[in-house]
Amino acid sequence: MSEARSGSGTSAPTVLRMILGRRLQEMRQGAGVSLEDAAKALRVKSLTVRRLEKAEVGLKPLYVEKLLETYGAGRQEIDEFVAMAEQANEPGWWHAYRDVLPNWFTAYVSLESGAKTLRTYEPHYVTGLLQTPAYARAVLRGGFPNEDDPGLERRVNLRLRRQSLLEAPDAPTLWVVMEEAVLHRVVGGPEVMREQIDRLLEVSELAHVSLDIVPFTAGAHLGACAPFTYFRFEEPELPDIVYSEILSASMYLDQRSDVAAHLEAHNRMSLLTSSLDSKALLHRMRKEYS
């Protein structure tokens, strides 16, 4: 599963749609029905069935019902599945921000909202889930220099709305590893940096948030590369997924070897420091901005 920033015109799937797509595939295979035979039942091309299973298109209730009948499902199971399919087709809260949310990043917000565990590596900026409004505004102004003020505020509001998942009763576990360089990059001025460091110190006390800072003294290391985020889900149907980006492209990876490589990098980087050292470094940097 990989996707360049400019590579897809379809809407990003919700996590529920991904789960149901996987279940459709498992049910088809369990019933011994080929893609071609499933497609014949719907009078469509086999590619359409494949896209349904990959959550690349919405789950049309009539298609879902016909497929489940073909796979030998009972009436109650069909009704329950169709009801979930209709729910999965409903746009997520982020749909309201589609004017400032590019399609390639819509998938990210969907995965972020449904993940049980998030691991991030950030070499340049504080990760978006932990940014203060002023810091986020300065970062986004740098990234979108031609954006008008109303558009910029929409982007800031979207970023802050994403952060609400950390306050939910079932909040995911967030483990952030970032480079010390992030703290030396003066974003928005000294006052903004002080406020941002205070925020990092505050969230580092939360039981479900871990913050590790790789010091300059660590030298060269395995993860000194592009930023990435690792997603793990509670639902067994979904594989672990890694999102990575460079200047001109972004990728969503679920191949086991790719995911394992990023997970190993995150683990190795976390060993280069300790929570106590990271907090001490944050306190020291805050004084420098006073």
Side-chain angles (χ1 to χ4, degrees), residues 92-102 104-106 108-109 112-113 115 118-168 171-216 226-229 243 245 247 250 273 275 277-290:
W93 62 263
W94 51 88
H95 184 72
Y97 291 91
R98 61 190 180 278
D99 56 320
V100 293
L101 184 61
W104 59 265
F105 198 66
T106 303
Y108 182 99
V109 179
E112 182 181 72
S113 297
L118 294 156
R119 290 193 185 195
T120 71
Y121 168 64
E122 287 287 351
H124 306 304
Y125 299 105
V126 172
T127 188
L129 288 179
L130 301 183
Q131 291 179 6
T132 65
Y135 187 96
R137 189 171 292 107
V139 170
L140 290 167
R141 174 58 73 194
F144 299 92
N146 298 320
E147 185 76 272
D148 59 22
D149 289 342
L152 185 69
E153 287 307 307
R154 287 280 291 164
R155 296 183 186 277
V156 172
N157 290 338
L158 168 61
R159 185 155 299 184
L160 298 181
R161 175 65 179 82
R162 286 169 48 206
Q163 295 178 4
S164 64
L165 69 86
L166 294 179
E167 301 172 359
T173 298
L174 174 64
W175 186 354
V176 178
V177 173
M178 67 183 188
E179 298 286 346
E180 182 180 348
V182 172
L183 302 177
H184 290 270
R185 187 185 302 277
V186 184
V187 175
E191 184 176 351
V192 172
M193 292 302 296
R194 284 198 306 273
E195 181 185 39
Q196 180 60 70
I197 292 174
D198 285 341
R199 171 62 176 161
L200 294 177
L201 286 167
E202 176 186 343
V203 298
S204 67
E205 299 296 330
L206 298 175
H208 60 288
V209 176
S210 296
L211 175 61
D212 290 337
I213 302 173
V214 181
F216 286 138
F228 65 84
T229 301
Y243 167 88
E245 66 179 38
L247 179 63
S250 61
T273 185
S275 297
D277 292 334
S278 295
K279 290 179 182 178
L281 178 57
L282 285 170
H283 282 293
R284 186 165 70 249
M285 288 303 302
R286 192 192 185 287
K287 290 180 181 178
E288 292 193 15
Y289 288 115
S290 297

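Sequence neighbours left out, not one pair with a member in residues 124-136 passes salt bridge (charged side-chain N to carboxylate O under 4.0 Å, His left out). Applying the salt bridge (charged side-chain N to carboxylate O under 4.0 Å, His left out) test to every pair with at least one member in residues 280-290, sequence neighbours left out, gives these pairs: Asp198-Arg286.
Side chain of Gln163 to backbone of Gly128: a donor-acceptor contact under 3.5 angstrom is found. Proximity of a side-chain donor or acceptor of Arg162 to a complementary backbone N or O of Val109 within less than 3.5 Å is not detected. Under a 3.5 Å cut-off, the side chain of Arg155 and the backbone N or O of Val100 do form a donor-acceptor pair.
Here the side chains of Thr127 and Met178 are not in contact, with every heavy-atom distance at 4.5 Å or above. Val176 has its side chain out of reach of Val209: every pair of non-hydrogen atoms, C-beta onward, lies at least 4.5 Å apart. At a threshold of 4.5 Å between non-hydrogen side-chain atoms, the residues Asp212 and Tyr121 do not count as touching.
The two residues Leu165 and Ala171 make their nearest non-hydrogen contact at O-CB, 3.4 Å. When all heavy atoms are compared, the tightest approach of Ala134 to Glu195 is CB-OE1, 3.7 Å. Closest approach of Gln196 and Leu130 over heavy atoms only: NE2-O, 2.9 Å. Residues Pro172 and His208 share a closest heavy-atom pair of O-CD2, 3.4 Å. The minimum heavy-atom distance between Leu166 and Leu129, with the atom names listed, is CD1-O, 3.7 Å.
Applying the side chain to side chain donor-acceptor pair (under 3.5 Å) test to Gln131 and every residue at least two apart in sequence or in another chain returns Arg159. Applying the side chain to side chain donor-acceptor pair (under 3.5 Å) rule to Glu167 yields no partners; only residues at least two apart in sequence or on another chain are considered. Listed by chain and number, the residues in a ring pair (Phe, Tyr, Trp, His ring centres under 6.0 Å) with Tyr135 amount to none (sequence neighbours excluded). Every residue meeting the ring pair (Phe, Tyr, Trp, His ring centres under 6.0 Å) condition with Phe105, not counting sequence neighbours, appears here in chain and number order: Tyr108. Under the rule for a side-chain contact (heavy atoms from CB on, under 4.5 Å), the partners of Tyr289 that lie at least two apart in sequence or sit in another chain are Val186, Pro190, Met193, Arg194, Ile197, Met285. In this view, Ala96 satisfies the side-chain contact (heavy atoms from CB on, under 4.5 Å) rule with no residue, not counting sequence neighbours. Scanning for side chain to side chain donor-acceptor pair (under 3.5 Å) contacts around His95 gives Arg98, with sequence neighbours left out. Residues that satisfy the side-chain contact (heavy atoms from CB on, under 4.5 Å) test with Pro215, not counting sequence neighbours, are Glu180, Thr217, Ala218, Thr273. In this structure His184 satisfies the ring pair (Phe, Tyr, Trp, His ring centres under 6.0 Å) test together with Phe216, sequence neighbours excluded. Residues passing the salt bridge (charged side-chain N to carboxylate O under 4.0 Å, His left out) test with Glu202 are Arg199, sequence neighbours excluded.
Taking CD1 of Ile213 as the start and CD of Glu122 as the end, the distance is 12.5 Å to the nearest 0.5 Å. Between atom OG1 of residue Thr173 and atom CG of residue Leu206 there is a gap of 11.5 Å, rounded to the nearest 0.5 Å. In this structure, the separation between CG on Leu152 and CG on Asn157 is 9.5 Å, given to the nearest 0.5 Å. Atoms CG and NZ, from Leu201 and Lys279 in turn, are 8.5 Å apart once rounded to the nearest 0.5 Å. One finds the OG atom of Ser210 at 12.0 Å from the CG atom of Leu118 (value rounded to the nearest 0.5 Å). Distance CG/Asn146 to CZ/Arg141: 9.0 Å, rounded to 0.5 Å.
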(request) Apply the test side-chain contact (heavy atoms from CB on, under 4.5 Å) to residues Val187 and Arg137: give CA-CA distance (whole Å), side-chain angles for both, the deciding distance (0.1 Å), then the verdict. (result) CA-CA 9 Å; Val187 175; Arg137 189 171 292 107; over 6 Å; no

